[in-house]
There are 2 protein chains.
Amino acid sequence: MINKVPQAAVPRLSLYYRALLESRGKDYVSSDELSKLTNFTAAQVRRDLTYFGQFGTPGKGYEIEGLKKAILGILGTDKNWDVALVGAGNLGTALLSYKGFKQQGFKILSAFDNDLRKIGKTLEGITVQDISELEKTVSEQGIQIAIVATSTEGAQEVIDTLIRAGVKAILNFTPIRAQTPEEAIVLNIDLSIELERLAYFLTKAKA
Amino acid sequence: MINKVPQAAVPRLSLYYRALLESRGKDYVSSDELSKLTNFTAAQVRRDLTYFGQFGTPGKGYEIEGLKKAILGILGTDKNWDVALVGAGNLGTALLSYKGFKQQGFKILSAFDNDLRKIGKTLEGITVQDISELEKTVSEQGIQIAIVATSTEGAQEVIDTLIRAGVKAILNFTPIRAQTPEEAIVLNIDLSIELERLAYFLTKAKA
DNA sequence: TGTGGTTTGTGAAATGTTTAACATGCGGTT
DNA sequence: AACCGCATGTTAAACATTTCACAAACCACA
C-alpha cells in the first residue's frame with residue numbers, strides 16, 4: 001500500500017463493522033447502503049476500504065461475511081487480547097464490568113491498585129493485586145494492552161512501569177499526557193477536555 | 001474572524017490552559033515554552049491562539065494570567081455549567097464521583113435511572129430520580145449539558161428526550177451514534193472503538 | 001533616540017483528508 | 001457471445017490543517 005491510512009479511518013472501520021452486523025439476512029451491501037447506516041458518505045466508505053485492500057465487486061457491492069472477516073483481520077479483533085487494568089476505583093470498577101469489551105475479544109486479565117482496602121478484593125472474577133506486582137505479573141502474562149484509571153498522581157510512573165513490562169498500547173483515563181517511546185501508543189480519554197469542548201460549543205453558539 | 005477554527009484546536013486550548021497552570025511564578029510564557037510543556041510545535045501554539053485573537057507581545061511572549069482568563073472565556077469555562085447524568089450504573093456512578101469535573105466548573109445537578117433499585121439512592125449528594133422525570137426536571141432546571149451512561153438499549157430515546165428538554169450538548173458513553181438536530185452536539189466516547197484502535201496499532205506494528 | 005535581541009503574528013508552502021466524478025469491470029440476461 | 005446496468009476503485013480536485021520562515025513589533029539599554 002502506497003497511501004498512508006488517515007488516523008480517522010480506523011475508528012470508521014469499527015463503525016462499518018457494526019453496521020455490517022445489522023445487515024443480517026443479506027449477502028451483499030453497497031457503499032451507498034453502508035453510507036446510510038453510518039452517516040458517512042458513500043465515497044468515504046469506498047475510499048476507507050481501499051486503504052486496506054479491494055473487498056468489493058463492481059455492480060454488486062461488498063460481500064457481507066467476507067468484509068466482516070476482513071475488517072476483523074485489519075483491526076486485529078479476530079484474535080483475543082488480554083488487558084491489564086490499573087486502578088480499581090470507581091472508574092476502574094466500571095470498566096471491569098463493561099460488557100462491550102468482552103464482546104470484541106478484549107479480556108481484562110488482571111487488575112491492580114495501591115489502596116490496601118482494594119487489594120485482595122475480587123470484582124467480576126478478577127482479584128485486585130498490589131500495584132507492586134504490576135511489572136512482574138504483566139510481563140509474565142505477556143499482556144500488551146493496559147487501561148490506566150488511577151488518580152493523576154501516580155499515573156506517569158504507572159505508565160513507565162507498564163512500558164517496562166512490555167505493554168505497547170495504553171488507554172489512559174487520567175489527564176496526564178504521558179511521555180512514551182515511539183513503539184508504544186497511548187490513547188487519552190480526557191473527560192474534562194470533552195466537557196470543555198461541549199462548553200465551547202455552547203458558548204460559541206450564543207455568539 | 002475570517003478563518004475557521006479547526007475542530008482539533010479546541011482541545012489543544014484546554015491543554016495550553018493546563019500548561020499555564022503549571023507555569024506558576026512567572027509572568028510571561030513564550031510559544032516555545034508552551035511548546036515544550038505540551039509537545040505541540042511552537043508554530044501550532046501561536047497559530048491556535050491567533051484563531052481566537054491576539055494575546056501575545058512580540059519579544060516577550062504571552063502574559064500568563066491574561067492568557068488564562070482569555071482561554072477560560074473562549075472555552076466558556078469561566079462560567080459554571082450544570083450537567084444532568086442519565087444512567088446511574090457503574091459508569092454513571094464513577095462519573096458522579098469524578099473530581100475533574102467540579103474543578104473546571106461542571107456540576108452534576110441531577111441523575112436519572114430506570115432501575116427501581118437505583119432510584120431514590122443518594123450518591124455524592126445527588127438523589128437518583130426516575131427517568132420518567134427526566135424531561136420535566138432537566139427543562140425546569142434549564143440544564144444544557146448531559147452525560148449519557150445508560151445501556152445501549154434506551155440510549156436513542158434518552159437522547160431524544162434530552163433534546164426535547166432543551167439540552168444542547170451531550171457526552172455519550174453508549175456505542176450508538178445518535179441522530180440529533182443541527183443545533184445540538186453529541187460527543188461520543190466509545191470505549192470499544194478505542195480498544196480496537198489499540199488492537200489495530202498492535203496488529204499493524206507486527207506487519 | 002537608536003540598536004540588538006527576542007518573539008509574535010501571518011502569508012505562503014507543504015502536507016493531509018475528503019469529496020466528486022467517472023472509467024472500469026463484473027454479473028445477469030437475452 | 002454481446003450488451004446493459006450497476007457499483008466499485010481511482011484519479012483529480014477541493015478542502016482543511018499544519019509547518020515554515022520571516023517581517024513587524026516590542027522591550028531594554030546605552
Side-chain angles (χ1 to χ4, degrees), chain A residues 1-16 19-20 23 26-71 74 177 197 200 204, chain B residues 1-16 19-20 23 26-71 74 177 197 200 204:
Chain A
M1 235 150 313
I2 294 155
N3 288 332
K4 243 192 60 196
V5 177
Q7 279 311 305
V10 176
R12 282 197 297 263
L13 228 46
S14 295
L15 293 170
Y16 300 148
L20 291 171
S23 314
K26 301 174 56 187
D27 287 346
Y28 282 80
V29 67
S30 67
S31 60
D32 195 56
E33 290 168 307
L34 278 176
S35 160
K36 292 196 175 77
L37 289 168
T38 58
N39 291 319
F40 301 113
T41 65
Q44 179 142 68
V45 172
R46 294 199 298 279
R47 168 67 86 218
D48 281 344
L49 293 175
T50 58
Y51 287 131
F52 304 99
Q54 301 194 172
F55 305 107
T57 309
K60 294 201 76 178
Y62 300 91
E63 200 265 312
I64 291 180
E65 285 309 312
L67 184 54
K68 275 164 63 178
K69 284 205 184 71
I71 293 179
I74 294 162
R177 286 301 188 273
R197 289 174 63 191
Y200 169 76
K204 184 175 55 88
Chain B
M1 234 149 315
I2 294 154
N3 288 329
K4 241 191 61 194
V5 177
Q7 278 312 306
V10 176
R12 283 197 299 263
L13 228 46
S14 295
L15 293 170
Y16 300 148
L20 291 171
S23 313
K26 300 174 53 187
D27 286 346
Y28 281 79
V29 67
S30 68
S31 60
D32 195 56
E33 290 168 307
L34 278 176
S35 161
K36 290 194 175 77
L37 288 168
T38 58
N39 291 318
F40 300 113
T41 65
Q44 179 141 69
V45 173
R46 291 200 298 278
R47 173 67 85 205
D48 280 345
L49 294 175
T50 58
Y51 286 132
F52 303 100
Q54 301 195 171
F55 304 108
T57 309
K60 294 198 74 178
Y62 300 91
E63 200 265 313
I64 291 180
E65 285 310 312
L67 184 54
K68 276 164 63 178
K69 283 204 186 72
I71 293 179
I74 294 160
R177 287 302 188 274
R197 289 173 62 189
Y200 169 76
K204 183 176 55 96

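Bear in mind the structure is a predicted one, so any value in this text is a computation, not a measurement. The figures that follow rest on heavy atoms only: side chains count, while hydrogens, waters and symmetry mates do not. By convention in this document, chain letters (A, B, ...) are assigned in the order of the sequence lines, proteins followed by strands, and residues within each chain are numbered from 1.
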Rounded to whole angstrom units, what separation is found between the [atom1] atom of [X] and the [atom2] atom of [N]?
X       : N      : atom1 : atom2 : value
B:Glu63 : C:dT7  : CD    : P     : 16 Å
A:Lys4  : C:dT18 : NZ    : C1'   : 15 Å
A:Tyr28 : C:dC26 : OH    : P     : 12 Å
B:Tyr51 : C:dG11 : OH    : P     : 13 Å
B:Asp27 : D:dC26 : CG    : C1'   : 16 Å
A:Asn39 : C:dT19 : CG    : P     : 12 Å

CA sep, side-chain torsions, deciding dist, call: A:Leu15, A:Leu37, side chain to side chain contact (heavy atoms under 4.5 Å, CB included) | CA-CA 9 Å; A:Leu15 293 170; A:Leu37 289 168; over 6 Å; no
[X] (side chain) donor-acceptor with [Y] (main chain) under 3.5 angstrom:
X       : Y       : answer
B:Thr57 : B:Lys60 : no
B:Ser35 : B:Ser31 : no
A:Thr50 : A:Gly53 : no

* Just call it for B:Glu33: base, sugar-phosphate, or nothing, with non-hydrogen atoms closer than 4.0 Å on any strand. => nothing
- Task: Report yes if at least one side-chain N or O of A:Arg12 is closer than 4.0 Å to OP1 or OP2 of C:dT18; otherwise report no.
- Result: yes
query = Should B:Gln44 be listed as having a side-chain N or O under 4.0 Å from OP1 or OP2 of D:dT17?
reply = no
List every contact pair, protein side and nucleotides 8-12 of chain D side both N or O, where the distance is under 3.5 Å.
| residue | atom | partner | partner atom | Å |
| --- | --- | --- | --- | --- |
| D:dT8 | OP1 | A:Ser31 | N | 2.6 |
| D:dT8 | OP2 | A:Ser31 | OG | 2.6 |
| D:dG9 | OP1 | A:Phe55 | N | 3.3 |
| D:dG9 | OP1 | A:Gly56 | N | 2.9 |
| D:dG9 | OP1 | A:Gly56 | O | 3.4 |
| D:dG9 | OP2 | A:Tyr62 | OH | 3.0 |
| D:dG9 | O3' | A:Gln54 | OE1 | 3.3 |
| D:dG9 | N7 | A:Arg46 | NE | 3.0 |
| D:dG9 | O6 | A:Arg46 | NE | 3.3 |
| D:dG9 | O6 | A:Arg46 | NH2 | 3.1 |
| D:dT10 | OP1 | A:Gln54 | OE1 | 3.3 |
| D:dT11 | O4 | A:Arg47 | NH2 | 2.6 |
| D:dA12 | N6 | A:Arg47 | NH2 | 3.0 |

Report the C-alpha separation of A:Tyr62 and A:Ser30 in whole Å, then their side-chain angles, then the decisive distance to 0.1 Å, and conclude whether the side chain to side chain contact (heavy atoms under 4.5 Å, CB included) test is met. CA-CA 6 Å; A:Tyr62 300 91; A:Ser30 67; 6.0 Å; no
The complete set of salt bridge (Lys or Arg N to Asp or Glu O under 4.0 Å) pairs with one or both residues in residues 35-46 of chain B, sequence neighbours excluded, reads B:Asp32-B:Lys36
